[in-house]
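This report concerns only the one structure given below.
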Amino acid sequence: MHNVLVDFSHLADLNGFGEIARNYAPLLAEANLPDTHFIYIVPDHLVGSFGSHIDYIRRSRKRDDLRRLGKHIDLWHATDQQYHLRGGDSHTIQLLTVHDLNFLREKSGIHRLRHIIQLWWRMRRSDHLTCISHYVQSDIRTHYHIGTKPLDVIYNGIASHDDEPQQRPPFVQSDDEPFFFTIGQIREKKNFQTLVPMMRHFPAHRLFICGDDHFAFARQLRQLIDEQGQQRVILTGKISDAEKRWLYSHAQAFLFPSRLEGFGIPVLEAMRHRCLVVSSRFSSLPEVCAGHAAYFDDYAPEAMAATVSRAVEAWHKDSPQADAALRHSLSFNYQHYTQQYVALYRQLLDAR
């Protein structure tokens, strides 16, 4: 029997790591692998959530629980590069998933150097690497010398919410209100500030910028909205999944000018709801959106408004292009994601 430990420490986090973990953990728990026993690291309150056939390690007591469990770990999968514990011994296969190298563009000075060295050390200690897009794969090979170490691309999945409830958020005035929508952590890299002056060209619309707004940059964005938002740009804070689904379904367009994305889950979520996507061409987004989005090529407010206007005029939710975008988004699913990782676990264990 092989013992495979999968680190789901971020399972409860409201970010990309948490979204992936919440979809992957239950599907992996259902995988039919009679010679493999799974051990999950999870937040304390989620111990036992995926069945009694799995052993659980509490995130707050990782070392104590591992010691008490007393099982040899044959394969340890760190599902992101921000893990806090890497264990096992010289016979443990170390698998690491790298989501992005955004720190190269966001950090400076000693903080940047610390992240560079930390990721170098973590990749060096790994036997096998995966990443979430070819953009990230290229970024790793450009900035790090990993030699012949395997580096596979396994795309993130997108959860299916066809039967899930939708709820109109309280900040939307009516079902017929024309609006644009975007979502993400309110950080400078998301480039939401470019959308605010653009909105003066859409006097009949409102723009809802949704997401975690506890970051320092949110203060700057609020000030810009007060100065140029003409009371039609709303910074909403976090929203529920039901509200997010409603916004995707009713928005005239999902606007995503982000400069740094290792993958970019929201653009595919929008396509699942037949929502028009207008995206930047930065980082992984052209790879993920492919030919199913309109793109910003000029960030002057007039040019951005012209891009959005042309795209909205040409888009219909029941059109062949919306059908094609939906099919494209459906190709990114967690069933395939899980199958790929299960196959990789088997490959690594068999080779060892």
Side-chain angles (χ1 to χ4, degrees), residues 2-33 36-59 62 73-87 93-100 122 126 128-133 136-137 150-164 241 244 261-269 272 284 288 329-349:
H2 297 298
N3 293 314
V4 175
L5 184 147
V6 187
D7 190 342
F8 288 123
S9 295
H10 296 287
L11 193 65
D13 294 1
L14 295 177
N15 55 25
F17 294 163
E19 173 73 12
I20 294 165
R22 283 188 292 276
N23 285 279
Y24 181 36
L27 289 175
L28 184 61
E30 296 171 359
N32 183 21
L33 294 170
T36 302
H37 175 69
F38 287 110
I39 303 164
Y40 284 6
I41 300 178
V42 298
D44 297 22
H45 68 285
L46 293 174
V47 167
S49 297
F50 304 101
S52 58
H53 62 296
I54 290 173
D55 281 319
Y56 296 90
I57 304 297
R58 294 171 294 174
R59 182 172 65 179
K62 291 189 285 288
I73 308 301
D74 296 293
L75 189 154
W76 186 301
H77 182 190
T79 57
D80 64 77
Q81 69 265 34
Q82 294 183 11
Y83 62 81
H84 296 290
L85 177 68
R86 196 82 173 272
I93 302 164
Q94 300 288 354
L95 171 63
L96 171 63
T97 299
V98 179
H99 289 254
D100 60 63
R122 290 176 172 181
S126 301
H128 200 105
L129 304 172
T130 60
C131 57
I132 62 175
S133 65
V136 176
Q137 183 187 56
L151 174 58
D152 297 333
V153 174
I154 297 181
Y155 284 125
N156 289 338
I158 302 296
S160 176
H161 297 297
D162 292 346
D163 300 324
E164 299 281 342
D241 286 342
K244 179 174 69 170
E261 296 293 329
F263 184 73
I265 288 175
V267 294
L268 293 174
E269 288 181 334
R272 285 281 173 95
S284 65
V288 173
S329 72
L330 289 170
S331 69
F332 298 86
N333 61 78
Y334 278 105
Q335 288 75 20
H336 188 215
Y337 178 93
T338 302
Q339 290 168 5
Q340 288 182 289
Y341 269 110
V342 167
L344 180 57
Y345 295 162
R346 171 55 55 210
Q347 172 193 325
L348 295 174
L349 291 167

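The analysis underlying the following values was restricted to heavy atoms, covering all of them including side chains, and did not include hydrogens, waters or symmetry mates. It should be emphasised that the depicted structure is a prediction, and the values quoted were computed from it without experimental measurement.
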Taking all heavy atoms of Asp13 and all of Arg22, pick out the closest pair and write down the distance. O-NH1, 2.8 Å
Side chain to side chain, Val342 and Gln339, heavy atoms closer than 4.5 Å: no
Hey, do the aromatic rings of Tyr345 and His2 have their centres closer than 6.0 Å? no
Taken to the nearest 0.5 Å, the spacing of Lys62 NZ from Asp7 CG works out to 7.0 Å
To the nearest 0.5 Å, how far apart are OG1 in Thr338 and CD1 in Ile154? 10.0 Å
Distance-only, no hydrogens or angles: does the Arg272 side chain make a donor-acceptor pair with backbone N or O of Ser329 under 3.5 Å? yes
Taking Ser126 for its side chain and Arg122 for its backbone only, find out whether a donor-acceptor pair lies under 3.5 Å. yes
Smallest separation among heavy atoms of Asp44 and Arg58, with atom names: OD1-CB, 3.6 Å
Report the distance from atom CG of Asn3 to atom CD1 of Ile39, rounding to the nearest 0.5 Å. 4.5 Å
Looking only at the side chains, is there a donor atom on one of Thr130 and Thr97 sitting less than 3.5 Å from an acceptor on the other? yes
Which atoms form the tightest heavy-atom contact between Ser133 and Gly262, and what is the distance? OG-O, 2.7 Å
Measure from the ring center of Phe38 to the ring center of Phe50 and say whether it is less than 6.0 Å. no
Where do Asp100 and Gln81 come nearest, in terms of heavy atoms and distance? O-NE2, 2.8 Å
So, taking the atom named CD in Glu269 and the one named NZ in Lys244, what distance separates them when rounded to the nearest 0.5 Å? 3.5 Å
For residues His77 and Leu344, determine if any side-chain heavy atom of one lies less than 4.5 Å from a side-chain heavy atom of the other. no
Report the C-alpha separation of Ile20 and Thr79 in whole Å, then their side-chain angles, then the decisive distance to 0.1 Å, and conclude whether the side chain to side chain contact (heavy atoms under 4.5 Å, CB included) test is met. CA-CA 9 Å; Ile20 294 165; Thr79 57; over 6 Å; no
Check the pair Tyr40 / Leu28 against side chain to side chain contact (heavy atoms under 4.5 Å, CB included), numbers first and verdict last. CA-CA 10 Å; Tyr40 284 6; Leu28 184 61; 3.4 Å; yes
About how many Å separate OH of Tyr56 and CZ of Phe8, when rounded to the nearest 0.5 Å? 10.5 Å
Would you indicate whether the side-chain heavy atoms of Val4 and Asp74 approach each other to under 4.5 Å? no
Let me see the working for Arg59 and Leu11 under side chain to side chain contact (heavy atoms under 4.5 Å, CB included), right down to the final yes or no. CA-CA 10 Å; Arg59 182 172 65 179; Leu11 193 65; over 6 Å; no
When rounded to the nearest 0.5 Å, the distance separating CG of Leu5 from CG of Asp55 is 9.5 Å
Start with the C-alpha distance between Leu96 and Arg86, add both sets of side-chain angles, then the distance that settles side chain to side chain contact (heavy atoms under 4.5 Å, CB included), and finish with yes or no. CA-CA 10 Å; Leu96 171 63; Arg86 196 82 173 272; 4.0 Å; yes
Parallel, tilted or perpendicular: ring planes of Phe263 versus Tyr155, cut at 30 and 60 degrees: tilted
Verdict with supporting geometry, Asn156 and His99, side-chain hydrogen bond (donor to acceptor under 3.5 Å, both in side chains): CA-CA 10 Å; Asn156 289 338; His99 289 254; 5.0 Å; no
Please work out whether the ring planes of Tyr341 and Tyr24 are parallel, tilted or perpendicular, with thresholds of 30° and 60°. tilted
Of all heavy-atom pairs between Glu19 and Ile265, which one has the smallest distance, and what is that distance? CG-CD1, 4.1 Å
Taking every non-hydrogen atom, the tightest pair across Trp76 and Leu85: CZ2-O, 3.6 Å
